[in-house]
2 protein chains.
Amino acid sequence: MKDNKISMAVIRRLPKYHRYLSQLMDRDINRISSKELSKIIGFSASQIRQDLNNFGGFGQQGYGYNVEALYREIGKILGLDREYKTVIIGAGNLGQALANYTNFSRFGYKLQAMFDVNPRLMGLRINDVEVKDVDLLGDYVRENNIDIAYVCTNRSSAQQIADILCKNGIKAVWNFTPVDLVLKKGAVVENIHLIENLFTLSYFLKENE
Amino acid sequence: MKDNKISMAVIRRLPKYHRYLSQLMDRDINRISSKELSKIIGFSASQIRQDLNNFGGFGQQGYGYNVEALYREIGKILGLDREYKTVIIGAGNLGQALANYTNFSRFGYKLQAMFDVNPRLMGLRINDVEVKDVDLLGDYVRENNIDIAYVCTNRSSAQQIADILCKNGIKAVWNFTPVDLVLKKGAVVENIHLIENLFTLSYFLKENE
DNA sequence: CTATTTTTGTCAATCTTATAACAAAGGCTT
DNA sequence: AAGCCTTTGTTATAAGATTGACAAAAATAG
């Protein structure tokens, strides 16, 4: 497996490969060519071969790719071969929705605790996880070696929460607030900017008319 | 305003311009150069100028861009100069979270109704919007000329819902399920694939170590 | 009113990403 | 077992996106 600088475009396609391979496994298909995969996933066969070849030759000429092996390899590349301790900050509807997603846990993202400012939510248990006072966040993250924090607060407290997280050694932040968080060098971030996605949707709606 | 084929990369940056311009307006700044904007938004000044120039020369040499005018122009490009009738399918935590977002309504996305299969949720009012039986979805969409549907169902019913929506003239689908929906030609789709975003986050986490 | 500074719009160059082409490897058929 | 067919890995080519450079326009300063 060569490791020299995979392009962003490739990385962002990997989860989709992973998902489609999982589907193939469900259908008990254990072999697939780039051409067949192209048909169902919508990327060109050439692109698929080139993408996968970034990580070493998983395929075999005249045969194609072994679905299960490829699925596992891509999982490994994405870091799904280990567990992550996660917390949710903001126990509103969105935070609760994320807490209830069984899928995340299935792939190794283990929710340890939730935090909120609202005293009425504290002590509540959602999907067997307790909502704690956000004042305890920093200590909790540090003492429990939390890997990933899902930030579902409102816009105004997001950066302040991010600062607390970074100060206490968070490794990754999943940001659901409409703010571009500034993090320390040790931490990475991915954003779900809902409103931006909705705006592009209405752009395409107009274009399509 | 030239209209000949704007690239996808540009489109996806527009909402971010819109957001930062809004911030500038809040701070009563009514003029900005590409260089200054570059510093706060993080795109290169050259890219900013080229992006904006796709839609016609909004700037003025020696002066820069008028913040409010530019904000309004980008809003217009994104289709924010009109209202959209929306529905939510799936009134679980996520559906409820979306129903409670005041931001969407502020930008013209007006929630008309919610739908669910669960009889216990029917009749419930969330943020003043009623949860209806999903069996009524098709008729409702057609009769009320719904523009956009937010699909927050589980994976297994998503495509079936999409078919109903298309058959009844939906124009856009905002898809929160981990499925790639197949739509009729008249409809556009944007996906929020949470798990894919989370996977890339753990990839970056590993890379960053 | 003139000179200087700022800053855009735009063209050219570079860098990145995607597609096409094809030799080499290996499976499959008869 | 021989020959044909499939399919990869990889290189070459094309397309797309970003950055750099600079003339022309307009503001600002003196």
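Residue numbers start from 1 in every chain, and the chains themselves are labelled A, B, ... in the order their sequence lines are given, proteins ahead of strands. Heavy-atom basis, side chains included; hydrogens, waters and symmetry copies ignored.
Closest approach to the A/Arg49 side chain among D/dT7, C/dC22, D/dC22 is made by C/dC22 (side chain taken as heavy atoms from C-beta onward). Picking from C/dA18, C/dT8, C/dT10 the nucleotide with the shortest atom distance to the side chain of A/Gln50 gives C/dA18. Side-chain atoms of A/Gln60 lie closest to C/dG27 of the nucleotides C/dG27, C/dT8, D/dA26.
With rounding to whole Å, B/Asn66 atom CG is found 15 Å from C/dT7 atom P. At whole-Å resolution of the value, CD in B/Gln47 and C1' in D/dA17 are 8 Å apart. D/dT18 atom P lies 7 Å from atom CG of B/Asp51, rounded to whole Å. Taking atom CG on B/Leu52 and atom P on C/dT7, their separation rounds to 15 Å, with Å as the unit. In this structure, B/Arg12 places its CZ atom 15 Å from C1' of D/dA17, rounding to the nearest Å. One interatomic measurement links the two molecules: CE of B/Met8 to P of D/dA15, which rounds to 19 Å at whole-angstrom precision. When the P atom of C/dT8 is taken as reference, atom CG of B/Asn54 falls 16 Å away, rounded to whole Å. Distance CG (B/Asn53) to C1' (D/dT18): 15 Å, rounded to an integer number of Å.
Between A/Tyr84 and A/Tyr109, the ring centre distance stays below 6.0 Å. Ring pair A/Phe115/A/Tyr140: centre-to-centre distance below 6.0 Å. The distance between the ring centers of B/Tyr17 and B/Tyr71 does not fall below 6.0 angstrom. The six-membered or imidazole ring of A/Trp174 lies near that of A/Phe104, with a centre-to-centre distance under 6.0 Å.
In this model, the phosphate group of D/dT18 is not approached by any side-chain N or O of B/Ser44 to a distance below 4.0 Å at OP1 or OP2. Checking the phosphate oxygens (OP1, OP2) of C/dA18, a side-chain nitrogen or oxygen of A/Arg13 falls inside 4.0 Å. Side-chain N/O atoms of A/Tyr65 include one lying less than 4.0 angstrom from OP1 or OP2 on D/dG9. Put simply, B/Ser7 has a side-chain N or O that comes within less than 4.0 Å of OP1 or OP2 on D/dA17. In this structure, B/Tyr63 does not reach the C/dT5 phosphate: none of its side-chain N or O atoms is under 4.0 Å from OP1 or OP2. Between A/Arg31 and D/dT6 there is no side-chain N or O to OP1 or OP2 distance below 4.0 Å. Close to D/dT8, at under 4.0 Å from its OP1 or OP2, lies a side-chain N or O of A/Ser34.
The base of C/dA18 is not paired with the side chain of A/Ser46 by any donor and acceptor separated by under 3.5 Å. At a cut-off of 3.5 angstrom, counting only N and O atoms as typed in the model, there is no donor on one side facing an acceptor on the other between the side-chain of B/Gln61 and the base of C/dT7. Judged by atom type and distance alone, B/Glu36 does not reach the base of C/dT6 through any side-chain donor-acceptor pair under 3.5 Å.
Between the A/Asn66 side chain and the A/Glu68 main chain, a donor and an acceptor come within less than 3.5 Å of each other.
Residue B/Arg49 is tested with B/Ser33, B/Ser34, B/Ser38 for a side chain to side chain donor-acceptor pair (under 3.5 Å); the sole match is B/Ser34.
The 5' end of DNA chain C is approached more closely, in terms of each residue's nearest nucleotide, by B/Gly57 than by the other of A/Val10 and B/Gly57.
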